[in-house]
**Q** 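I have a structure I would like to understand better, so I am pasting it below and will then ask my questions one at a time.
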Amino acid sequence: MSKAFGIVNFAGNHIQVDGLQAYRPVGAFSFLGRYRTIDFPISNMSNSGIDNIQVYVRRKPRSLTEHLGTGRHYNINSKRGQLNIMYTENNRIGDIYSTDVAAYIENMDCIERIHLPYVVIAPSYMIYTADYSTFLSEHIESGADISMMYHSVDNAKEAFLNCGTLNINKQKGVLSIEPNHGNAKNKNISLDTYVMSKELFIDLVKKAHKTSSMYTFADILNEECENLDIRAVSHRGYFAAICDFNSYYHANMDLIDLKHASDLFSPDWPIYTRTNDSCPTQYFEGSKVTSSVVSNGCLIEGTVEDSIIGRGCIIKPGAVVKNCVISADVVIGKGVHVENLVVDKHARLIRGKRVIASPEKPGYIKRGDTL
Amino acid sequence: MSKAFGIVNFAGNHIQVDGLQAYRPVGAFSFLGRYRTIDFPISNMSNSGIDNIQVYVRRKPRSLTEHLGTGRHYNINSKRGQLNIMYTENNRIGDIYSTDVAAYIENMDCIERIHLPYVVIAPSYMIYTADYSTFLSEHIESGADISMMYHSVDNAKEAFLNCGTLNINKQKGVLSIEPNHGNAKNKNISLDTYVMSKELFIDLVKKAHKTSSMYTFADILNEECENLDIRAVSHRGYFAAICDFNSYYHANMDLIDLKHASDLFSPDWPIYTRTNDSCPTQYFEGSKVTSSVVSNGCLIEGTVEDSIIGRGCIIKPGAVVKNCVISADVVIGKGVHVENLVVDKHARLIRGKRVIASPEKPGYIKRGDTL
Amino acid sequence: MKQNNMLAMILAGGRGSRLHDLTKKVAKPAVSYGGKYRIIDFPLSNCANSGIDVVGVLTQYESILLNSYVAAGRRWGLDAKDSGVYVLPPREKSDANLDVYRGTADAISQNIDFIDTYSPEYLLILSGDHIYKMNYAKMLAYHKECKADATIAVIEVPMKEASRFGIMNTNETGRIVEFEEKPEHPKSNLASMGIYIFNWKQLRKMLLADMKDPDSNHDFGKDIIPAMLNSGGNLFAYKFKGYWKDVGTIDSLWEANMDLLDKNNELDLNDSTWKIYTEDVTALPQYIGADAVIDRAFITQGCVIDGEVHNSVLFTGAKVAAGAKVINSVLMPGAEVAEGAVVTRALVADGIKIGKNAVVGSADSKNIELVAKRVKGDE
Amino acid sequence: MKQNNMLAMILAGGRGSRLHDLTKKVAKPAVSYGGKYRIIDFPLSNCANSGIDVVGVLTQYESILLNSYVAAGRRWGLDAKDSGVYVLPPREKSDANLDVYRGTADAISQNIDFIDTYSPEYLLILSGDHIYKMNYAKMLAYHKECKADATIAVIEVPMKEASRFGIMNTNETGRIVEFEEKPEHPKSNLASMGIYIFNWKQLRKMLLADMKDPDSNHDFGKDIIPAMLNSGGNLFAYKFKGYWKDVGTIDSLWEANMDLLDKNNELDLNDSTWKIYTEDVTALPQYIGADAVIDRAFITQGCVIDGEVHNSVLFTGAKVAAGAKVINSVLMPGAEVAEGAVVTRALVADGIKIGKNAVVGSADSKNIELVAKRVKGDE
């Protein structure tokens, strides 16, 4: 039982994932075949003893609502705990008024009614594991106003271009939060993950709201760096941000390597998800599957290489799937050759015999499309 | 196990309940203290063996989502059954584009994926009980294209003014569906409750959508009366429609009489709701409660007459509550006299010593207001 | 919710024979209390609220209602992924015949295999028939802080009543130096509440030894705790403050119900930060009739009151007809009092009907009258 | 979901001794099958899919794993308000001492009080150790249509094997005229599947009589059904078509697993309209390595395949290291095959490790080799 409640924030307007995002919020994106990205922040919270969680969502909440349910599959006690989905009327993606701050203000009565002294805020578009109970206790011990997590990277020139970066001093004090301009290799990428007292959180939200209708929570933090004691806490281990289409593709492809996956998945830190009660996957004579991650419920007769296959997919004889991220319930027809693609749910690639994108710019097949 | 899936429709633009509706959809209105209006259609479906239910919602879905959960408290098997909340982007109340047909079209893939041959549609703003399994089997036997329920009333001049009425012939065929113009005492009020094949339902939705962007499902039905065999089925028993503020107030007040309530509530037909795990209500010395319906978790020291008291209310010494519908977690302060009011959730009536509306035009106290 | 590495086992095998007819068909932990609860809701809700995920309930005698009642772990939210309430009656094993539990310790010993599947670090032993609210997480924190071998929850009782309890004598650090079962001349007033935290590995060894000991009663109070003390174990007393009641008799069950009528009573069932969860019975709200008179009462949903209710607790579905009077009494679930009947200082059992104009109990009786059979009235 | 007035009781007390080491620690209904399932998932999922809300599971021998497994009714969605899976081992009562179930009928008789609390109209009796998918709602409809006193599900078996089964001889209307247990000269090939629907009130009377009969075996097949037939009861056979298997031996368990490798196999676990639900184990998706070779396999989540897998079924968390070969075999949950090892025509039990370069089983063995102990390999 934590002294903190959790907030899982939606991906702000700086995050734009072409294609997939038209159908569901980033938190509901399929990840590594059987997960959704939101499974990571929620499992982190649940494993950290946080069982009172608010999940903020903007447009298209259905898949997220169904996936989260009452949170029992995340090990959240259904009486004592709470997993609430918080909606906002300002829900147009890209709308400058549709900020996290606006959503918090809209649901302020629900926030104020929570009887817990701290809040841990985490984003729905990042994949990492972290023990928030340590994060919280170290925060309390430090006496800081706010603690926030960052991850030092050496590829900030070409990656994390939409993310925030932290400017920190020797004592790990945060001097400013700036967008990543891609002007340097080494950057401290903000995990958009914070801990602070509930009181301060509410104050900051109200202040941000007063200051400007388009201020995000990161904006007000940046502005308060001078006044408040904001500490940066380094994160280690696997870390990926789904901040655009390419990063989505690569975060998935990265984890085909079991060594990378072992950095993220540990028996001590289970990542929970909703089961679909699919049966095991059937491999038939003639199937040839290598270097791939396969979910349950598939029927495989073709060739799969360096790919991720979602739940319930059918790979017909003679089909070749290479360097692809395939979502659930996709059909790859007889003799169809697909390469370097993200294929969205329920798509059927049957007629077009070769659908091949370049490895630099992976392609996207829409949800439910028949090709 | 029914051959039909269920659809609980949102209250259309013809339904406007001043006050309450600003905070939640009609389906999430508190009713008789411990229920919400949506408990009635969902319990009807569950008791009729329908365990695959879609609930459509427009704005402010939080309270409804939390109340419904995964439907376990409605006795819906959490694996075999499904209680899904369906959202729509056209969610502005009063917007002519925001119709049930638009919502069905937006979620058509989810409708099409259901493997059941029939659909039962019920509204979220009416309070009645009905066995849909009989409704369905009689529909199948009759060979009609569509069966719909109506209730004959003799007070259509002053009530049900926003509801639809059925024009029917001697063989119970529906000739037309018209708004109630209040021009006659005796009318057949449509219960907005239909059964038909899934196929026909989809056809009609698509046709309505093609015909006009502002067509509702009732509109297309009215138009198809000539072409289709639409049968009217008479409903008996308790029936109320929450179609405006006054009807909300009176539907509640009606049921203070246990005789009326016995018409609606039967041991064979349980109305399920979500429990809040409140403890029993404590009556203290000096309390005086008569002709009232009281929910659990209240602390009562004052006088309550002819009223409905929601869960967790506090009625302080010397307070007088008369002819009121009080929602959950309301405080009526010492010596405060309230009469002919609907008091919304979390309101605190403490300072103003007399808050009395006229019996003809009951007053409304806003959610969370302190008076 | 992350497992806090503590598994709870509730001893719920008591017959409760001093509750007479109330426990004829249900085990004591399943007896109704407080309008809508059963006694075992208290330890189970305490577990849920303390962040304990897995609870074993050791049942024995006449337990079908108790077994099915606790099996529905959803009632206390104990139905998340790695969570559960497990009913553990005695059972046949490949190396042992079917046999009853020989004592509180034996009940645990016979379920070592169950406990081992969760490999908990700590084991919490609870009793299924006490009414109280307690945060076991705090007790565990104290147990860890003291580096204790075992921690026993104690409550201060009036010194003159101390000889009715198991008394813990502690030194100034809170360490238990002596345990006396019902001492004639008690040295302290710290009574054991029958709530223990053990380190599982250590307890496991002791239980295996205890099982083989022919002289043992296989009981925590009589055997395990004394043995730990004798071997110089580090046992600590954890002082509990608050409402705590063992309702062993009709009078004490009645009293515990009456306690709820006090404003700001110590148990405070209305505290939204520590709810007691129970079965979700489908029922109407309370219907209070035009001529009803209610002062000082604790009434739950499903009740219909047309008569007078004074100083009484009414359980789910209880009915008081017009002209009937219920005074200083407890009406258990579904009890009905017909027109003109008067019920005074009585406890009316589940579903019992008191007929028209019947008079039950009396204002000056020494004991509370248990009404467990239908009382005929005027026809 | 409205109760269809039928309560199901699953007989799950079988020791399954012909499954040897597999049932040393778990009862037969809890044995793993088909990659991610346990056998009892089939009757439980069938119940859930047939709209049955309340299921009693009659357990007996070494049932701690089975008891806790089925107690989590959420796995089959049987955890809605009025729904539940209840574990029913033998128990002590006020009028009876603790005693084992004496037969299939006695197991029901001893739980009459449990059944009565739901007052069902119909009682469905199932076996906990059969693999099949069946809609009991259709069987109930047939039972009602026939106005039967009892309906027994039957399956056509090859005539030459009929003498191994309990055979129902029916007239042209489907009414059972004779029941023969393992007849030497069978008159029909309709074998009883051990699935019965009874009218509860009627069965209740028969059970009460049977309990007192000193000559009875207290068994449905041996006593109750013959008695009903003798007294001219209206018993009907309900013909089931589809996959049905009683996996009594290691060979038949292996076979039943191998059946799943066939394209369009009759059991069709992939049918989304009749899913078999099971425990939701936290596991990664299947990881298939760069040099893996898989043809004809049934593999579930948590598996890591770097070697070769031919004609095999791999259960949750099974691992096949690079250079290892698994042929015509079943790897049960957590089984691991180290580098260079070869496993042929074997059933490797839960968690068993096959060491480096070890060779297990052989292609031309008559029986399937059960590997229930660690096999050391090269160090």
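Protein chains get the first letters and strands the later ones, always in sequence-line order, with residue 1 at the start of each.
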**Q** By a 4.5 Å heavy-atom criterion (distance strictly below it), what part of D/S68 contacts chain C: side chain, backbone, both, or neither?
**A** both
**Q** Measure C/T282 against the heavy atoms of chain D and call it side chain, backbone, both or neither at under 4.5 Å.
**A**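 It is both, since atoms from each part get that close.
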**Q** Who passes ring pair (Phe, Tyr, Trp, His ring centres under 6.0 Å) against C/Y33, sequence neighbours left out?
**A**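 Listed in chain order: C/F42.
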**Q** Tell me which of these, D/P89, D/A80, D/S83, D/G56, has more heavy-atom pairs under 4.5 Å with chain C than the rest.
**A**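 Sorted descending by pairs with chain C, the first entry is D/A80.
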**Q** Heavy atoms only: give me the nearest D/R74-C/K81 pair and the separation to one decimal.
**A** NH2-O, 2.7 Å
**Q** For residues D/D113 and C/L65, determine if any side-chain heavy atom of one lies less than 4.5 Å from a side-chain heavy atom of the other.
**A**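 A side-chain contact under 4.5 Å is absent here.
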**Q** Show, in sequence, the C-alpha distance, side-chain angles and deciding distance for D/N67 and C/V87, and conclude whether the side-chain contact (heavy atoms from CB on, under 4.5 Å) test is met.
**A** CA-CA 8 Å; D/N67 286 7; C/V87 180; over 6 Å; no
**Q** For D/Y86, give me all partners under ring pair (Phe, Tyr, Trp, His ring centres under 6.0 Å), at least two apart in sequence or on another chain.
**A**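 Testing D/Y86 for ring pair (Phe, Tyr, Trp, His ring centres under 6.0 Å), a comparison that skips the adjacent residues, returns D/F114.
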**Q** Drop me the distance from D/I112's CD1 to C/I64's CD1, to the nearest 0.5 angstrom.
**A**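 So the gap between those two atoms works out to 12.0 Å.
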**Q** What part of D/V70 gets within 4.5 angstrom of chain C, counting heavy atoms only: side chain, backbone, both, or neither?
**A**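 Neither part.
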